[in-house]
Amino acid sequence: MSNHQNTYLKIIAECSFARPRVSNKQIIHFANVTPATVTETTRQLQTQGLVNRRRYTGVTLTERGKQVACQLLTTYRLCEVFLDQQLRIPRDQIPEQAWQMADTLTPTTAAALADYLDHPQRSPFGGTLAPDRLLDDQQVTRLSDVPVNATVTLSGYLETANLVAYLDHLQLPLDVPLTITARDDELHLLYLQLPTQREVTINTLVATYLYTIPVAVPAEV
């Protein structure tokens with residue numbers, strides 16, 4: 001497949017996390033292409049048996065599409081770890097550069113990179129590298145769907161330059177309990193509180209791409 005088609009598979013895999021399917025509008029936005037281009041490329045992917053297309057409900061990955069997407073995401077996230085830990089480039093530049101880097105790696109080189117990095121378990125943005133859990137979202141809830149007064153842990157988020165920059169600006173950390181204290185549907189805002197009592201306000205559209213898991217309960221001694 002071409003890098004262009006790989007990019008679509010990556011977008012579909014990432015955007016379908018914690019949601020049943022991906023709309024053409026989402027693909028248009030994240031791929032920065034025209035509706036006609038999305039229609040044609042997803043048609044090609046369907047012909048190759050990688051996606052299912054439904055006119056009004058969106059796009060989903062087939063089982064073969066999931067396998068290919070997992071391979072792409074594994075290499076991509078390894079490159080993210082390398083750029084973050086070894087080169088220490090600005091975090092908001094990592095997603096794009098990691099994707100460009102991943103496109104040049106053979107499976108043998110990707111395996112060598114994993115060995116060099118001592119087989120990391122997560123990307124800098126929370127995405128898992130465990131082969132059997134790359135697309136496993138059964139325990140995941142989008143932050144936008146978490147009810148008021150609930151406490152959850154931010155486990156990861158969609159890896160785009162704008163989203164990384166936005167969350168770094170908010171200083172919203174991974175793996176820390178967040179309590180949803182209020183919701184303003186008219187202003188499209190969520191109000192969060194961290195364990196330090198610091199309050200954070202976040203746009204609800206952004207919150208649809210932030211992934212949470214239940215707060216771990218300490219084991220009884």
Trainee: Do you reckon V176 sits in the same ILVMFWY cluster as V146, going by side-chain contacts under 4.5 Å, direct or chained?
Mentor: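 Each belongs to a different hydrophobic cluster.
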Trainee: For L190 versus A207, what's the shortest heavy-atom pair and its separation?
Mentor: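 Nearest pair, atom of L190 first, then A207: CD1-CB, 3.8 Å.
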Trainee: Evaluate the side-chain proximity of T128 to D136: yes if any heavy-atom separation is below 4.5 Å, no if none is.
Mentor: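 When only atoms from C-beta onward are counted, T128 and D136 do not touch, as no gap falls below 4.5 Å.
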Trainee: Take atom CG of N32 as the centre, draw a 6.0 Å sphere, and report whether it contains more than 12 heavy atoms from other residues, nucleotides or ligands.
Mentor: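 Atom CG in N32 is not crowded, with 12 or fewer foreign heavy atoms closer than 6.0 Å.
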Trainee: Are Y191 and L172 connected, step by step, through hydrophobic side chains (Ile, Leu, Val, Met, Phe, Trp, Tyr) whose heavy atoms are closer than 4.5 Å?
Mentor: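 Different clusters: Y191 never reaches L172 through Ile, Leu, Val, Met, Phe, Trp or Tyr contacts under 4.5 Å.
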Trainee: Check the surroundings of atom NE2 in H169: do more than 12 heavy atoms from other residues, nucleotides or ligands lie under 6.0 Å from it?
Mentor: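 No, not enclosed.
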Trainee: If you count every heavy atom of other residues, nucleotides or ligands that lies below 6.0 Å from N162 atom CG, does the total exceed 12?
Mentor: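 Open.
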Trainee: Going by atom types only, do Q71 and Q67 share a side-chain donor-acceptor pair under 3.5 Å?
Mentor: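 No donor-acceptor contact under 3.5 Å links the two side chains.
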Trainee: Do the side chains of L105 and L87 join up, straight or via other hydrophobic residues, at under 4.5 Å, putting them in one cluster?
Mentor: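 Both belong to a single hydrophobic cluster.
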Trainee: Measuring only between side-chain heavy atoms, which start at C-beta, is V59 closer than 4.5 Å to Q46?
Mentor: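 When only atoms from C-beta onward are counted, Q46 and V59 do not touch, as no gap falls below 4.5 Å.
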Trainee: First locate atom CD1 of I94, then atom CG of D84, and finally report the distance between them rounded to the nearest 0.5 Å.
Mentor: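 Nearest 0.5 Å value for the CD1-CG distance: 4.0 Å.
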Trainee: Which value, rounded to the nearest 0.5 Å, describes the distance between L174 atom CG and Y157 atom OH?
Mentor: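 If I round to the nearest 0.5 Å, the distance is 5.5 Å.
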Trainee: For the pair L158 and F17, evaluate side-chain contact (heavy atoms from CB on, under 4.5 Å) and give the outcome as yes or no after the intermediate values.
Mentor: CA-CA 9 Å; L158 184 68; F17 202 67; over 6 Å; no
Trainee: Looking at every heavy atom in both E14 and Y211, which two are closest together, and how far apart are they?
Mentor: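 Looking at all heavy atoms of both residues, the shortest contact is O-OH, 3.5 Å.
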Trainee: How close do E159 and R77 get, heavy atom to heavy atom, and via which atoms?
Mentor: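 Residues E159 and R77, closest heavy atoms: OE2-NE, 3.6 Å.
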Trainee: Around atom CZ of R54, are there more than 12 heavy atoms of other residues, nucleotides or ligands at under 6.0 Å?
Mentor: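 Atom CZ in R54 is not packed in, count stays at 12 or less.
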Trainee: Does R133, at its CZ atom, have more than 12 non-hydrogen atoms belonging to other residues, nucleotides or ligands within less than 6.0 Å?
Mentor: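 Not more than 12 within 6.0 Å, no.
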Trainee: Drop me the distance from T41's OG1 to L45's CG, to the nearest 0.5 angstrom.
Mentor: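 Nearest 0.5 Å value for the OG1-CG distance: 7.0 Å.
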Trainee: Going only through I, L, V, M, F, W and Y residues with side-chain contacts under 4.5 Å, is there a path from L189 to V148?
Mentor: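 No: no chain of side-chain contacts under 4.5 Å links L189 to V148.
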Trainee: Could you go through the side-chain contact (heavy atoms from CB on, under 4.5 Å) check for V22 and Y8 one step at a time?
Mentor: CA-CA 11 Å; V22 179; Y8 274 68; over 6 Å; no
Trainee: Looking only at heavy atoms, what is the nearest atom pair of L178 and L154, with distance?
Mentor: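 Looks like CD1-CB, 3.8 Å.
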Trainee: If you measure from CG on L194 to CD on E199, what distance do you get to the nearest 0.5 Å?
Mentor: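 Answer for the CG-CD pair, L194 versus E199, is 10.0 Å.
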Trainee: List the steps and the verdict of side chain to side chain donor-acceptor pair (under 3.5 Å) for D115 and H119.
Mentor: CA-CA 6 Å; D115 288 340; H119 298 275; 2.7 Å; yes
Trainee: Is there a side-chain contact (heavy atoms from CB on, under 4.5 Å) between T204 and D185 once you walk through the steps?
Mentor: CA-CA 8 Å; T204 52; D185 292 330; 5.5 Å; no
Trainee: Would you say the side-chain atoms of R122 pair up with the backbone N or O of S155, donor to acceptor, closer than 3.5 Å?
Mentor: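 Yes: the side chain of R122 pairs with the backbone of S155.
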Trainee: Would Q193 and T151 count as a side-chain contact (heavy atoms from CB on, under 4.5 Å) if you check the C-alpha gap in whole Å, the side-chain angles of each, and the deciding distance to 0.1 Å?
Mentor: CA-CA 9 Å; Q193 187 174 74; T151 299; over 6 Å; no
Trainee: Crowded around E40 CD? As in, over 12 foreign heavy atoms under 6.0 Å?
Mentor: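 Yes, the 6.0 Å shell around CD holds more than 12 heavy atoms from other groups.
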Trainee: Any chance you could measure L192, atom CG, to R183, atom CZ, to the nearest 0.5 Å?
Mentor: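 Here the interatomic distance stands at 10.0 Å.
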Trainee: Side chain of T42, backbone of T39: donor and acceptor closer than 3.5 Å?
Mentor: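 At least one qualifying donor-acceptor pair exists.
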Trainee: Would you check if the side chain of Q93 reaches a backbone N or O of P90 as a donor-acceptor pair within less than 3.5 Å?
Mentor: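 No.
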Trainee: So does R21 get a backbone contact from the side chain of T60, meaning a donor-acceptor N/O pair under 3.5 Å?
Mentor: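 Side chain of T60 to backbone of R21: no pair is present.
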Trainee: With side chains defined as the heavy atoms from C-beta onward, is the minimum distance between T153 and P214 less than 4.5 Å?
Mentor: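 Contact flag for T153/P214 side chains = no.
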Trainee: Rounded at 0.5 Å granularity, tell me how far OG1 in T109 sits from CG in L78.
Mentor: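 Output value for this atom pair is 11.5 Å.
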Trainee: May I ask you to check whether Y209 and F30 place their ring centers less than 6.0 Å from one another?
Mentor: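 Yes, they do, as the ring centres are separated by less than 6.0 Å.
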Trainee: If you take all heavy atoms of L9 and V68, which pair is closest and at what distance?
Mentor: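 Closest pair (atom of L9, atom of V68, distance): CD1-CG1, 3.6 Å.
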Trainee: Is it true that, when you exclude E96 itself, more than 12 heavy atoms of the residues, nucleotides or ligands shown sit nearer than 6.0 Å to its CD?
Mentor: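 Atom CD in E96 is not packed in, count stays at 12 or less.
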Trainee: Would you name the heavy atoms of A13 and L73 that are closest together and state the gap between them?
Mentor: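 Answer, listing the atom of A13 first, then L73: CB-CD1, 4.1 Å.
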Trainee: Are the side chain of R19 and the backbone N or O of R142 linked by a donor-acceptor pair below 3.5 Å?
Mentor: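 Not at all, since once roles are kept as given, no pair shorter than 3.5 Å links the two residues.
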